[in-house]
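Chain naming here is simple, since letters A, B, ... match the order of the sequence lines and numbering starts at 1 in each.
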Protein chains: 2
Amino acid sequence: MRESTALDQMICFQLYAASRAMTALYRPHLEPHGLTYPQYLVLRVLWHDGPTTIRDLGRTLKLDSGTLSPLLKRLETQGHITRVRATHDERTVWIHPTDTGHALQTAIGDLTQELVCATGLTVDELTQLHTLLHRARGTGNTTPPEEPV
Amino acid sequence: MRESTALDQMICFQLYAASRAMTALYRPHLEPHGLTYPQYLVLRVLWHDGPTTIRDLGRTLKLDSGTLSPLLKRLETQGHITRVRATHDERTVWIHPTDTGHALQTAIGDLTQELVCATGLTVDELTQLHTLLHRARGTGNTTPPEEPV
DNA sequence: CGCAATTTAATTGTGCACAACTGATTGGTG
DNA sequence: CACCAATCAGTTGTGCACAATTAAATTGCG
C-alpha cells in the first residue's frame with residue numbers, strides 16, 4: 001500500500017526524470033546545430049505556423065517572457081529569426097524565421113524513428129502515453145493536442 | 001498520418017510541459033518551507049533511506065555533482081542536512097538529515113490526494129502513466145520502480 | 001476626451017541542469 | 001613499492017524556468 005501513498009511522488013519524479021532523459025536524447029542531434037531543446041521547440045512552432053508573436057509562442061510552449069526574451073535574443077544572434085515590433089500595436093513583437101532558420105528544418109531532419117526506438121515503446125503505448133500526459137496537465141482540458149506540441 | 005510523424009515531438013513536448021506543470025503544483029506547498037522541488041526530492045530520499053552519499057543521491061535522482069553540490073550546500077545553509085566526509089574513503093561525502101530536516105516531513109505532510117485530484121486522472125490511469133514513463137526511460141529496463149522515485 | 005486598468009515585452013535575481021574541467025583520493029597492476 | 005586509471009566531489013560557464021518588477025502601449029469606462 002505504500003505504493004499508493006507514494007503514487008503522486010512517483011508520477012512526478014517519473015515525469016521529471018523522463019522529461020530530462022528525453023531532452024538528453026535530442027541533445028546530440030541539436031548540439032551540432034548550436035541549438036538547445038527549447039530553442040528547437042520555438043523553431044518547430046515557426047516552421048509549422050510561420051511568423052508568430054512572442055505572446056503566442058508563450059501560450060503554445062507555456063513559457064513566459066522571462067524565458068522567451070533571452071532565448072529569442074540568442075536565436076536572433078545566431079541568425080535563425082528576426083524580431084519585428086508590430087506597427088499597429090507596438091506592444092507585440094513578431095518573430096520571423098530567416099532563411100537559415102528554415103534551412104535548419106531539413107538540416108536536422110526527422111528524428112522521429114530514432115527517438116521512438118530509443119524509448120522502446122510501441123506506437124500504441126506512445127499514443128496512450130501522449131493522451132495521459134495531455135490529460136494530466138489542465139484538469140478537464142478536452143481540446144485535442146495541438147501542433148507542433 | 002502526420003500525427004504519427006510528429007509523435008515523438010508531441011510526446012517529448014508533453015513530457016516537458018507536464019513535468020513543469022506538475023512541479024508547479026508542488027511549488028505552493030514547498031515554497032512556504034523555503035524548498036524547491038529538487039530540494040524536496042533530496043529530502044524524500046533522506047527521509048526514506050536515512051544518511052546517503054552524494055554519489056547515491058546522484059544515482060537515485062539522476063543528477064550529477066554539478067547540480068547536487070550547490071543544491072546540498074543550500075540545504076545545509078538552511079540547516080536541513082549536514083555534510084560529513086567519510087573517514088575510510090575521503091572521496092565520498094555522507095549527507096545526514098538534521099532534526100529540522102526530519103521535521104519538514106511532517107510539516108509538509110502528504111501531498112498525494114491533492115495532487116492526484118489536480119491531475120484529474122484515476123488511480124488506474126496514474127498507475128498506467130507511471131509504468132509507461134518508467135519504461136520510456138532506459139530501454140529494456142525491467143527493474144521495478146524504486147523509492148522514493 | 002481623460003485616466004485607470006490591462007496587456008505586452010523586457011529586466012533582474014535565484015535556482016536548477018549539464019558539459020567540461022580540476023583536484024584529491026583510491027584501487028589495481030606490473 | 002610505483003604508477004596509472006578510475007572514482008568522487010567541487011567549480012566554472014551557459015542556458016533555461018520562473019517570480020517579481022518595470023515601462024511602454026493599448027483598452028475601456030466614466
Side-chain angles (χ1 to χ4, degrees), chain A residues 12-13 15-28 30-43 52-59 61-78 80-81 83-95, chain B residues 13 15-28 30-43 52-59 61-78 81 83-95:
Chain A
C12 195
F13 175 72
L15 276 173
Y16 166 76
S19 174
R20 288 189 294 126
M22 196 72 83
T23 302
L25 287 179
Y26 278 79
R27 197 169 297 121
L30 300 178
E31 190 264 346
H33 303 282
L35 291 179
T36 65
Y37 180 68
Q39 288 168 11
Y40 173 66
L41 287 179
V42 166
L43 288 176
T52 312
T53 65
I54 294 183
R55 168 178 38 78
D56 287 342
L57 276 175
R59 289 181 182 161
L61 301 174
K62 277 92 176 84
L63 293 170
D64 67 6
S65 66
T67 300
L68 284 175
S69 282
L71 186 155
L72 293 170
K73 195 172 292 184
R74 282 184 283 270
L75 280 180
E76 187 183 37
T77 301
Q78 291 182 274
H80 300 320
I81 63 164
R83 304 146 59 80
V84 184
R85 199 163 281 268
T87 53
H88 61 293
D89 183 347
E90 294 190 10
R91 289 171 303 181
T92 75
V93 172
W94 283 87
I95 304 298
Chain B
F13 175 72
L15 276 173
Y16 166 75
S19 174
R20 288 189 293 125
M22 196 72 82
T23 302
L25 287 178
Y26 279 79
R27 197 169 297 120
L30 301 178
E31 190 263 346
H33 303 282
L35 291 178
T36 65
Y37 180 67
Q39 289 169 10
Y40 173 66
L41 287 179
V42 167
L43 288 177
T52 313
T53 65
I54 294 183
R55 169 178 36 78
D56 287 342
L57 276 174
R59 288 182 181 159
L61 300 173
K62 279 92 177 79
L63 293 170
D64 67 5
S65 67
T67 300
L68 284 176
S69 282
L71 186 155
L72 294 170
K73 194 172 292 184
R74 282 185 284 270
L75 279 180
E76 187 184 36
T77 301
Q78 293 183 271
I81 63 164
R83 303 146 61 80
V84 183
R85 200 162 281 270
T87 53
H88 63 291
D89 183 348
E90 294 191 10
R91 290 172 301 182
T92 74
V93 172
W94 284 86
I95 304 298

NA contact type, [X], heavy-atom cut-off 4.0 Å: base, sugar-phosphate, or nothing?
X: B/Leu68; answer: nothing
X: A/Thr92; answer: sugar-phosphate
X: B/Thr67; answer: base
X: A/Ser65; answer: base

Any side-chain heavy atom of [X] within less than 4.5 Å of one from [Y]?
X: B/Leu15; Y: A/Leu15; answer: yes
X: A/Leu57; Y: A/Leu72; answer: yes
X: A/Ile95; Y: A/Arg83; answer: yes

- [ ] Classify the angle between the aromatic ring planes of B/Tyr16 and A/Tyr37 as parallel (below 30°), tilted (30 to 60°) or perpendicular (above 60°).
- [x] perpendicular
Spacing of [X] atom [atom1] relative to [N] atom [atom2], expressed in whole Å:
X: B/Leu71; N: D/dT11; atom1: CG; atom2: P; result: 14 Å
X: B/Ile95; N: D/dC8; atom1: CD1; atom2: P; result: 15 Å
X: B/Leu35; N: D/dA19; atom1: CG; atom2: P; result: 16 Å
X: A/Glu90; N: D/dT27; atom1: CD; atom2: C1'; result: 16 Å

Task: Contact interval (first through last nucleotide) of DNA chain C with protein chain A, 4.0 Å heavy-atom - done: C/dT7 to C/dA19
Task: A/Leu61 versus B/Arg20, closest heavy-atom pair with distance - done: O-NH2, 2.9 Å
- [ ] Nearest-nucleotide wise, let me know which of A/Asp56 and B/Gln39 is further upstream toward the 5' end of DNA chain C.
- [x] A/Asp56
Task: Position toward the 5' end of DNA chain C (nearest nucleotide), A/Ile54 or B/Lys62 - done: A/Ile54
Open item on the list: Whether B/Arg55 contacts D/dT7 is assessed here as follows: a side-chain N or O lying under 4.0 Å from the phosphate OP1 or OP2. Is that the case?
Closed with: no
Please set out all donor-acceptor pairs under 3.5 angstrom arising from side-chain atoms of residues 62-69 of chain B, sequence neighbours excluded.
unit_1: B/Lys62; atom_1: NZ; unit_2: B/Arg59; atom_2: O; d: 3.2
unit_1: B/Asp64; atom_1: OD1; unit_2: B/Gly66; atom_2: N; d: 3.2
unit_1: B/Asp64; atom_1: OD1; unit_2: B/Thr67; atom_2: N; d: 3.1
unit_1: B/Asp64; atom_1: OD1; unit_2: B/Thr67; atom_2: OG1; d: 3.4
unit_1: B/Ser69; atom_1: OG; unit_2: B/Ser65; atom_2: O; d: 3.1

TODO: Select from A/Leu63 and A/Thr87 the residue whose nearest nucleotide in DNA chain D is closer to the 5' end of that strand.
DONE: A/Leu63
TODO: Between A/Thr36 and B/Asp89, just flag the one whose closest nucleotide in DNA chain D comes earlier from the 5' side.
DONE: B/Asp89
Task: side chain to side chain donor-acceptor pair (under 3.5 Å) partners of B/Arg91, counting only residues at least two apart - done: B/Asp89
